[in-house]
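Input: a single structure, listed below in structure tokens.
Computed from a predicted model, the values in this text were never measured in an experiment. When a residue number appears, it is its place in the shown sequence, counting from 1.
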Amino acid sequence: MVTSAVGIFLVVLALILLVPMLLSRIRIPHVIGLIIAGVAVGPYGFNVLSRDMSFEVFGQVGLFYLMFLAGVEIDMYHLKKNIRRGFIFGLFTFAIPMIVGSAAGMTLLGMSTVGALMLASMLAAHTLLAYPIVSRFGLTKNPAVIIVIAGTIFTVLGSLMVLAATVGVVREGGLSWTMLGRLAGGLAIYCVVISYLYPRITRWFFRHYNDGILQFIYVLVMVFLAAQAAVLINIEGVFGAFFAGLVLNRYIPARSPLMSRIEFVGNAIFIPYFLIGVGMLINVGVLLKGWHTLYVAGVMSAVAMLGKWLAAFVTQKTFRMRSVDRSMLYQLSNAHTAVALAVVMIGYNLSVFDESVLNGTVLMILITCTVSSIGTARAASRLKVMSLRHDDLVEGQKVQQTTDRTLIPVVNPVSARELVSLALLMTDGNHTHNKIYALHVRNDNTSTSRAVGKSSLDMAEHVASSMEVKLKSIDRFDLNFVTGVLNTIEEREINNVVIGLHRRLNVIDSFFGEKLTQLLKATYRQVVISRCFIPVNTMGRIVVMVPDKAQFETGFVRWVKSLGNLTRQLGCRVIFCCTAETRRYISSVLRSGGYEIRSEYRQIDEWDDIILLANKIKDDDLFVVVTARRASVSFTSDMDTLPDFLRHNFSHSNLMVIYPEQFGAEAPIGVVADAMSPDVETAPMPIWAKVKTAYLRWRANRRTSNHSTDDRDLTL
């Protein structure tokens, strides 16, 4: 037997490495493979390892981590959309196993009423043991998967309530409604406190500490704090970890460095450790202790799987779902581990269960985990094939889309991190066809300039690699910044540029600056200008100001999809302020692209209604202004005063200005030459523009002081 700390950890790591490699050849799920490996090396197998305190600690951590991942990876929009069906499934998957399990315990196993109810509470609760399989297939947003996750909340809580009631009967000789009331009240207070405190603390922490390691440690602290708090009020810690995942879900985008770190550590260490520890609990030798143990194990396993299948079947018929959805509902909710072990140990210590029930529970865990893992893999494979066929059919009905090529000019390492993160969140995640480039332009060959460029590009590559995105860095020597960007746009066929807003150096410097002004005049590709004072993942809302006739511009679909991707990743809501006609086009693009996001609309009739938003944008909002270049369809003379207006009224707001692609791919003859003329930025603002700006400022102040009487006041 291996007893040294290094030897134990070496054996565990070897199992985590070799088991998936070997079992992938014979198509056995990794989950069940690690459990079998735990049986083999455990005290009831070849006795290579003993189940010491390390497996107790890491096993508990792995279980909490598994439930936390289930909560943090769920799409909150789909959860709210399927919460009613999830509640009904949770009711079915709790009530049916409770009824069947109680009847089987009293008739087939000869238990008392209290013992049968405690056994039924064990059979009703389940563990999302096969969730890593679903995640690996990319089906975490599938409605059937979300229904199971939502149902898990209700069935685990119900089982814990029944367990608490039965324990009270055994200890006090009767049902204590006071104890149940304390438990329900404590649960309600717990949920309210976590829901109120966690978002506020998380926003503050992420805004003040941008270090990836600190953010990861912070998330772990909050998860296990929630789990420990749940234990203190007599609720299983798995519920606390899962609830913490739901609350923190909003601040951990799916395509972010933080999410990559969370998934990596969990899938590489904690969850495999938990699975191996579960296997070490299984005593195959109980098969030799007589037929009674096998009989008890067979009854418990059959009743557990029958109850879960009936719940999935009733849910399928209730909501008219497909048979493959029923398979996913059944198989993903079929595994019993954590709650089953807790219940059987409590019942055994209270002398409600005998040794045959204890051994039968261990065998039931092995059987249900095996069936759940294999069945979930098959159902996930079928769902994946069906979803791919549906996507191909939908794509065949759409106009063929061009490849998106995004260019991110970076100036220094400090701004590169947030700029690259924002640009990647705005992409659709299909990096097979999309190309991402980071560009640093320098016009001298000094060692300092080369060092700054290398650091900036290294930071961009680091952010992209942490999000598992391939980014190509370009260190370019050119005449100046604008020329370098323009030449790269033409050479790489760039159709989307994401660039940061410059910092004004003096009072006479313009809002966009000389470089951005020249760039906007020299190219008609989409240009996204960003300035964020807080991390993107802490944004509360996205408020978009859209001009009239924006739908007729060449790049309309591209910027709508970019904002749809950003909203979907952040999990927040987006508010489009636009005309009624433009709204129909925006909703059509979102609907055809499958963007199931929280989108809202506020009707505006004139472009200068932007003044109504000046005092309605919050500190954690992202204010997006979609504008236009001169001579384009949606351009109005009011847009000439936009930079000055933004500087005066939105100087402290998180801002994004989008210039959509216009006039097709090529600029009109002579535009590039005009844009590069030396007197572009120094040309004085016309008198009429100054008057217009002063009028808009006066009107904004007047509307602010008397906004309740304005018929066009926008309520955000």
Side-chain angles (χ1 to χ4, degrees), residues 23-24 26-33 35 66 69-70 73-75 78-79 81-97 100-101 123-156 300-337 340 364-391 393:
L23 295 183
S24 61
I26 54 179
R27 298 184 178 182
I28 294 180
H30 301 168
V31 173
I32 191 62
I35 294 177
L66 180 67
L69 276 179
E73 288 185 348
I74 193 172
D75 190 302
H78 288 85
L79 177 62
K81 186 178 179 180
N82 294 281
I83 191 66
R84 184 179 66 87
R85 294 196 292 177
F87 171 77
I88 294 177
F89 172 72
L91 180 63
F92 288 151
T93 199
F94 166 73
I96 294 178
V100 176
L123 303 181
H126 58 259
T127 303
L128 299 176
L129 187 77
Y131 183 80
I133 299 175
V134 174
S135 179
R136 191 164 58 249
F137 275 92
L139 296 173
T140 56
K141 297 180 181 179
N142 183 271
V145 175
I146 294 175
I147 289 173
V148 176
I149 295 176
T152 302
I153 305 173
F154 302 107
T155 187
V156 169
M300 294 176 62
S301 301
V303 171
M305 292 189 290
L306 176 63
K308 294 299 180 181
W309 186 88
L310 288 175
F313 177 78
V314 174
T315 303
Q316 177 209 357
K317 296 301 181 181
T318 301
F319 299 113
R320 299 179 181 179
M321 303 174 71
R322 301 168 298 182
S323 59
V324 66
D325 295 323
R326 181 193 64 215
S327 298
M328 179 58 72
L329 293 174
Y330 165 57
Q331 300 293 358
L332 192 56
S333 62
N334 193 26
H336 297 72
T337 54
M364 180 197 70
I365 290 175
L366 176 61
I367 295 172
T368 57
C369 289
T370 303
V371 173
S372 175
S373 301
I374 297 176
T376 301
R378 291 179 178 177
S381 178
R382 291 171 58 194
L383 277 174
K384 188 66 175 179
V385 171
M386 295 175 67
S387 64
L388 289 176
R389 288 176 179 174
H390 177 266
D391 292 342
L393 179 62

field: side chain to side chain contact (heavy atoms under 4.5 Å, CB included) evaluation trace for M328 with I147
entry: CA-CA 10 Å; M328 179 58 72; I147 289 173; over 6 Å; no
Value for CG (L332) from OG1 (T127), rounded to nearest 0.5 Å, stands at 10.5 Å
Shortest non-hydrogen pair, D325 vs A144, comes out as OD1-CB, 4.0 Å
*CA sep, side-chain torsions, deciding dist, call: Q331, V134, side chain to side chain contact (heavy atoms under 4.5 Å, CB included)*: CA-CA 11 Å; Q331 300 293 358; V134 174; over 6 Å; no
What one should report as the nearest heavy-atom pair of F154 and G90 is CB-CA, 4.3 Å
The reported gap from CZ in F89 to CZ in F94 (rounded to nearest 0.5 angstrom) is 13.5 Å
What one should report as the nearest heavy-atom pair of S372 and N334 is CB-CB, 4.1 Å
*Take L129 and I35 through the test side chain to side chain contact (heavy atoms under 4.5 Å, CB included) and record every step on the way to the result.*
CA-CA 11 Å; L129 187 77; I35 294 177; 3.9 Å; yes
So CZ of R322 and CG of L383: to nearest 0.5 Å the spacing works out to 6.0 Å
When every non-hydrogen atom of I149 is compared with those of Y131, the smallest separation belongs to CD1-CE1, 3.6 Å
Do any side-chain atoms of residues 304-315 form donor-acceptor pairs under 3.5 angstrom with protein atoms, and if so which ones, sequence neighbours left out?
from : atom 1 : to   : atom 2 : distance (Å)
K308 : NZ     : T93  : O      : 3.2
K308 : NZ     : T93  : OG1    : 3.0
K308 : NZ     : A124 : O      : 2.5
K308 : NZ     : H126 : ND1    : 3.0
T315 : OG1    : A311 : O      : 2.8

**Prompt:** So, the side chain of T370 versus the backbone of L366: is there a donor-acceptor pair under 3.5 Å, distance only?
**Reply:** yes
For this session: Please lay out, stage by stage, how R84 and I88 fare under the test side chain to side chain contact (heavy atoms under 4.5 Å, CB included).
Result: CA-CA 6 Å; R84 184 179 66 87; I88 294 177; 3.9 Å; yes
Across all chains, not counting sequence neighbours, the ring-ring contact (aromatic ring centres under 6.0 Å, His included) partners of F137 are none
Of all heavy-atom pairs linking V145 and L139, the shortest is CG2-O, 3.4 Å
Tightest non-hydrogen contact, residues S301 and I367, listed as OG-CD1, 3.5 Å
Q. With distance as the sole test, does T376 use its side chain to make a donor-acceptor pair with the main-chain N or O of S373 at under 3.5 Å?
A. no
